[in-house]
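Notes for the one structure printed next.
Within every chain, numbering begins at 1; the chains are lettered A, B, ... in the order of the sequence lines, protein sequences first and strands thereafter. On a predicted model such as this, the values are computed, not experimentally measured, just so you know.
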Protein chains: 2
Amino acid sequence: MGIFGGQGDPERSMALLWAAPGAGDTRVAPGPRPGLSVDAIVEAAIAVADAGPVEGLSMRAVAERLGRSSMALYTYVPGKGELLDLMYDRVHAELPTRYDPDGGWRAAVTAWAGDLRAFYLRHPWVLQVSYARPVLGPNEQAVLEALTGILYETGLPARTLRSVVSALFHFVRGMAQTIAESRLAATATGVSDREWWVSRAGMLEKVAPDFAERFPMSVRLGRETADQYDDGAEGTSYLERGAEETFGTGLAVLLEGIEATRRNTSPGGSPEPGGAPWSPEGRAP
Amino acid sequence: MGIFGGQGDPERSMALLWAAPGAGDTRVAPGPRPGLSVDAIVEAAIAVADAGPVEGLSMRAVAERLGRSSMALYTYVPGKGELLDLMYDRVHAELPTRYDPDGGWRAAVTAWAGDLRAFYLRHPWVLQVSYARPVLGPNEQAVLEALTGILYETGLPARTLRSVVSALFHFVRGMAQTIAESRLAATATGVSDREWWVSRAGMLEKVAPDFAERFPMSVRLGRETADQYDDGAEGTSYLERGAEETFGTGLAVLLEGIEATRRNTSPGGSPEPGGAPWSPEGRAP
DNA sequence: CAGAACTCCTTATGCCGTACGGTATTATCG
DNA sequence: CGATAATACCGTACGGCATAAGGAGTTCTG
């Protein structure tokens, strides 16, 4: 999903993204002194986006926070899309650029994933930015660089490594998104996760009394994992505690997969991990 | 990423979702004969959404396709959010509800993932619907049921199984989203993936001449995986062929992870897969 | 035939991004 | 000093969006 970044004059976008942080101080041009700066606008926009749902991020809202009219922003930034690209890369500077390799790649990947997860939860709007045509700013590149460096330790061939990088990103993004949206929904509607699920379960019973026969496996899974978080502890919500376990376990499974693939590969045999081959045609109509 | 579904009167939403397909034929109420139906509206909306980017899905556009005014839709459907929920569940009926268990769980999961991927590519807008507070319709439930059934074959404990289900969904969604957005960007801007990357690479060189020193691992990965798809074959695009390999390999790694976790677990020992434990605090500022 | 129930429409409100043109400010050049 | 040009910022306006409110016409039940 994704909201798309700017499309107007990519050269200008890239220049803005990669501009040295404190550049362009000396002023010689005529005209009134600039009261704003690209940096200030990006910062304000991040604050607005962090404060609520993505839809709240409007040019008007950002300008208001800076005491200007929305049109004043267009002096500094080509449009909303480009602003989003700048915000996107800027916040990525929060993430570590290096992980200690001494503890082994598993520990490093685990730390990387945890940091990224926490980062997405701090800035959920980042998850709205499309990653098909990446922003290609320096800070996101650094995050990718860190993970790539860690994974080269595994000795996996480059093509497999690329796949693993993708899988890890998608996993962390997906998990974080679930939690972020859940939080958002809770504050937006005033209904907690638990209340929501309880009420929904009740409705399901009414509207689909044959649920247990139609979906036996789902019911079984629900039964066997239920009641674990019913202790009513404070702090994180019902769903979030479950999500944390899901994250940890899922990540562990992925790491096991990397380890196993590594073992299969390193003898110098086929560069492909084992398992059934996959071909792109779906079987559905 | 996520557009949220309806929030007005959940009872009505659930009733609409779980309504029997051909129900409510006999007409006794006064008033003019209904010229539309929920089904017809949902179908039209799906057609509109499939035809282009999600932003093109507006109440006006759907109504226009049906020869009505946008407000006429509100007679049948509470609002856009609820309509989206209905569309979401409706298309999920395209997916198989059962996978042959005789070939083993690996083959079945592979088939499931391939089908789901193809499905998302047929209906990219589905990826925009939030899955934090699931729609909980019958057809999506059936997809979950199918995967759960397959995975119970592995003998994994329920809690691990839940994590694996999540990981698989996030993986397929993420991979499909990359391709879908890439296609969208290509048709929207008229610039192919390859052109885009080439042009971007050129800009990067200009704007960040020290790229190779700053990001050596990324450069190495790029070098070692480059030129594989340079044969200029027709059909699928440059990026998509890479994405297909990435999908297959990533899925294989995941399956390896499931297999390894299964082996670690089945002796009756700890129900947790191996590897470093994960704790929810990030280390970043 | 009266009244109620129902479908569908027109209109209006308040958002959004941003195009256009105007005004005030500040530098440089003569 | 005055003229000129470049710049920052603003007011207004356009076309889009979801949807609230209320009205017109249609079809049933009594």
Side-chain angles (χ1 to χ4, degrees), chain A residues 3-9 12-13 24-41 44-45 48-49 52-87 125 128 188, chain B residues 3-9 12-13 24-41 44-45 48-49 52-87 125 128 188:
Chain A
I3 296 172
F4 276 99
Q7 297 165 198
D9 195 356
R12 184 170 168 198
S13 297
D25 244 348
T26 55
R27 157 178 182 71
V28 278
R33 231 156 292 259
L36 295 175
S37 67
V38 175
D39 273 7
I41 291 172
V48 169
V54 219
E55 307 93 53
L57 177 68
S58 69
M59 297 302 266
R60 284 170 170 81
V62 175
E64 198 167 346
R65 170 174 273 262
L66 293 164
R68 296 296 137 94
S69 87
S70 66
M71 290 314 290
L73 307 183
Y74 287 89
T75 307
Y76 301 88
V77 156
K80 191 183 179 181
E82 286 82 354
L83 176 55
L84 224 111
D85 284 352
L86 291 172
M87 296 164 60
W125 50 270
Q128 301 292 328
Chain B
I3 296 173
F4 276 99
Q7 299 165 196
D9 195 355
R12 184 168 168 201
S13 297
D25 246 348
T26 56
R27 157 178 183 75
V28 278
R33 233 156 291 260
L36 295 176
S37 67
V38 175
D39 273 6
I41 291 172
V48 170
V54 218
E55 307 93 51
L57 177 68
S58 69
M59 297 302 265
R60 282 162 167 69
V62 176
E64 198 166 346
R65 172 173 272 261
L66 293 164
R68 297 295 137 94
S69 87
S70 67
M71 289 312 289
L73 307 183
Y74 287 90
T75 308
Y76 300 88
V77 154
K80 190 182 178 180
E82 287 82 355
L83 175 55
L84 224 108
D85 284 352
L86 292 171
M87 297 164 61
W125 51 269
Q128 301 292 326

For residues [X] and [Y], report the shortest heavy-atom separation together with the two atoms involved.
X      : Y     : result
B:A61  : B:G56 : CB-O, 3.7 Å
B:I41  : B:V62 : O-CG1, 4.0 Å
A:W125 : A:A49 : CD1-CB, 3.4 Å

Side-chain N or O of A:Y76 versus OP1/OP2 of D:dC9: is the shortest distance under 4.0 Å?
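Looking at the OP1 and OP2 atoms of D:dC9, one of them is under 4.0 Å from a side-chain N or O of A:Y76.
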When you measure from the side-chain N and O atoms of B:T75 to the phosphate of C:dT7, is any distance below 4.0 Å, counting only OP1 and OP2?
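Answer is no, no contact under 4.0 Å.
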List in chain and number order the residues that pass side-chain contact (heavy atoms from CB on, under 4.5 Å) with [X], two or more places apart in sequence or in another chain; answer none if no residue qualifies.
X     : value
B:S37 : B:D39, B:A40
B:T75 : none
B:P53 : B:E55, B:L184

Please report, rounded to the nearest Å, how far the [atom2] atom of [N] is from the [atom1] atom of [X].
X     : N      : atom1 : atom2 : answer
A:L73 : C:dG17 : CG    : P     : 10 Å
B:L57 : D:dG16 : CG    : P     : 16 Å
B:E55 : C:dG17 : CD    : P     : 13 Å
B:L36 : C:dC6  : CG    : P     : 17 Å

Check: protein-nucleotides 27-30 of chain C nitrogen or oxygen pairs below 3.5 Å:
unit_1 : atom_1 : unit_2 : atom_2 : d
C:dA27 : OP1    : A:R33  : NH2    : 3.2

Rounded to the nearest 0.5 Å, what's the gap from [atom1] on [X] to [atom2] on [Y]? Could you check?
X     : Y     : atom1 : atom2 : answer
B:R60 : B:L73 : CZ    : CG    : 11.0 Å
B:S70 : B:K80 : OG    : NZ    : 11.5 Å
A:E82 : A:M87 : CD    : CE    : 13.0 Å

Axis-to-axis angle across the helix from C:dC1-D:dG30 to C:dG30-D:dC1, five pairs an end, to 10 degrees?
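Roughly 20°, once rounded to the nearest ten degrees.
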What nucleotide, of D:dG25, D:dA6, D:dA18, holds the atom closest to the side chain of A:P32?
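Closest nucleotide to the A:P32 side chain: D:dA6.
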Would you confirm whether A:Y76, through its side chain, and A:L36, through its main-chain N or O, come within 3.5 Å as a donor-acceptor pair?
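Answer holds: yes.
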Does B:L83 reach the side chain of B:L57, with side-chain heavy atoms less than 4.5 Å apart?
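A side-chain contact under 4.5 Å is absent here.
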For DNA chain D, which residues of residues 59-71 of chain B approach it to below 4.0 angstrom with any heavy atom?
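Only B:M59, B:R60, B:S70, B:M71 qualify.
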